[in-house]
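Written out below as structure tokens is the structure these notes cover.
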Amino acid sequence: MNKKLVTDKFVELFGETGDFYFSPGRVNLIGEHTDYNGGFVLPGAIDKGMLACIKINGTDKVRAFAVDLNEYAEFGMQEDDAPEQSWARYIFGVIREIMKRGGQVKGFDTAFSGDVPLGAGLSSSAALESTYAFALNDIFKLGIDKFDLAKIGQATEHNYIGVKCGIMDQFASVFGKEGHLIRLDCRSLEYEYVPFNPKGYKVVLVDSVVKHELASSAYNKRRESCEAVVKAIQKRHPEVELLRDADMAMLAEVKGEVTAEDYMRAEYVIEEIQRLLDACEALKKGDYKIVGEKMYGTHEGMSKLYEVSCEELDFLNDIAKKCGVIGSRVMGGGFGGCTINLVPEDKYDTFVDTAVKEFTHKFGKEPKVYPVKIGDGSRKL
Ligand code: ADP
Ligand code: MG
């Protein structure tokens with residue numbers, strides 16, 4: 001992501017430069033498959049994101065240039081003006097969602113560039129949506145609060161991209177804060193900043209470059225398992241609406257009434273919600289060893305109980321252990337994507353070198369490595 005590059009391109013295409021806005025991608029330290037069970041997630045914004053230059057152009061059209069793709073799009077802002085290119089549909093969707101909420105958006109020129117790897121699970125799409133939601137709100141003085149900016153991004157995914165995502169990615173992008181993760185209650189949407197200052201450690205993602213092909217059918221099956229267990233528990237505990245409300249004792253009561261597979265799935269979820277809460281307590285005390293143990297616990301649970309890992313991710317997790325990484329787990333829904341690793345600084349080089357070398361040797365493809373820092377959310381530059 002290069003401000004000069006964006007400026008130069010903008011000036012070349014549209015004349016005088018405009019205002020600059022930035023929104024980040026995100027990581028999730030712990031809390032996977034907890035969202036649809038009413039539990040918590042623990043994302044943080046990262047120091048990689050989307051940078052956009054924007055200026056009102058006095059027309060009713062948007063003229064947009066994606067610097068990284070070297071592509072131009074021009075489109076109107078009514079419902080049937082949707083552009084072809086997927087990157088432009090994100091911008092269009094954000095505009096439409098703002099307009100549906102009564103916001104007045106006029107034509108503008110824009111160029112943008114980002115350094116969030118696409119499709120690696122760091123949510124380049126949320127970075128893109130949040131950048132434009134935040135920028136348009138500011139430029140057109142719409143007075144939309146930050147929560148609604150996140151919801152506008154989420155609605156864009158739902159209605160203009162066809163991805164039925166939760167709120168976490170857009171929320172983390174908009175609300176991110178340097179030195180903090182955000183404990184988000186997926187049921188009430190209440191949130192709390194949790195300090196994250198892992199002195200002496202680095203956070204690094206290792207991308208297995210495996211695509212999540214199994215993910216959507218497996219995802220639906222996991223959800224069905226969770227629902228089946230809730231139904232069984234409800235016979236004794238009608239107040240339990242989601243696995244969030246259940247504990248291991250309640251689960252044990254229904255052991256004979258649910259399938260072994262459903263039992264395992266629910267066991268993972270109930271433990272994962274607790275692991276996240278324990279990790280937050282440890283973060284408040286600055287105990288990163290415990291945080292790391294919880295991350296390994298998540299990996300184990302996702303691999304053995306929830307069964308959403310894969311050979312490549314398990315391999316990366318084993319290497320992390322071997323190299324003295326204090327916490328490592330698959331990040332995201334599973335079946336591919338990245339592991340997130342909390343690595344002692346003095347072990348960082350060895351870990352990265354070993355992971356790349358051994359993974360490439362075993363699988364014949366090179367994993368990608370993304371070091372990240374936890375940074376601030378959406379902002380004007
Ligand atoms: P991710 O997990 O990174 O969010 P998605 O598939 O949800 O992956 O979003 C990736 C899409 O976002 C791309 O296909 C593209 O349309 C858009 N996008 C992301 N980064 C950029 C960029 N730097 N330039 C143009 N479009 C981008
Ligand atoms: Mg995305």
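Atoms within each ligand, like the ligands themselves, are counted from 1 in listed order.
- Evaluated for a side-chain hydrogen bond (donor to acceptor under 3.5 Å, both in side chains) with S130, the options S23, S173, S125 yield exactly one hit, S173.
- Scored by the side chain to side chain contact (heavy atoms under 4.5 Å, CB included) test, D145 finds F147, D148 as partners (sequence neighbours excluded).
- With respect to D245, the side-chain hydrogen bond (donor to acceptor under 3.5 Å, both in side chains) criterion is satisfied by exactly one of R187, Q234, H237: R187.
- The aromatic rings of Y268 and Y306 sit tilted relative to each other, their planes meeting at an angle between 30° and 60°.
- Look at S124 and the Mg ion (ligand 2): no N/O/S atom of the residue is under 2.8 Å from the metal.
- Taking the six-membered ring where tryptophan is involved, the planes of H33 and Y36 are perpendicular, since the angle between them exceeds 60° and thus also 30°.
- For ligand 1, the 4.0 Å heavy-atom shell contains residues M50, D68, L69, S86, W87, Y90, F112, G114, P117, L118, G119, G121, S123, S124, S125, L128.
- Note on ring orientation: taking the six-membered ring where Trp is involved, the planes of F112 and Y132 are perpendicular (angle over 60°, cut-offs 30° and 60°).
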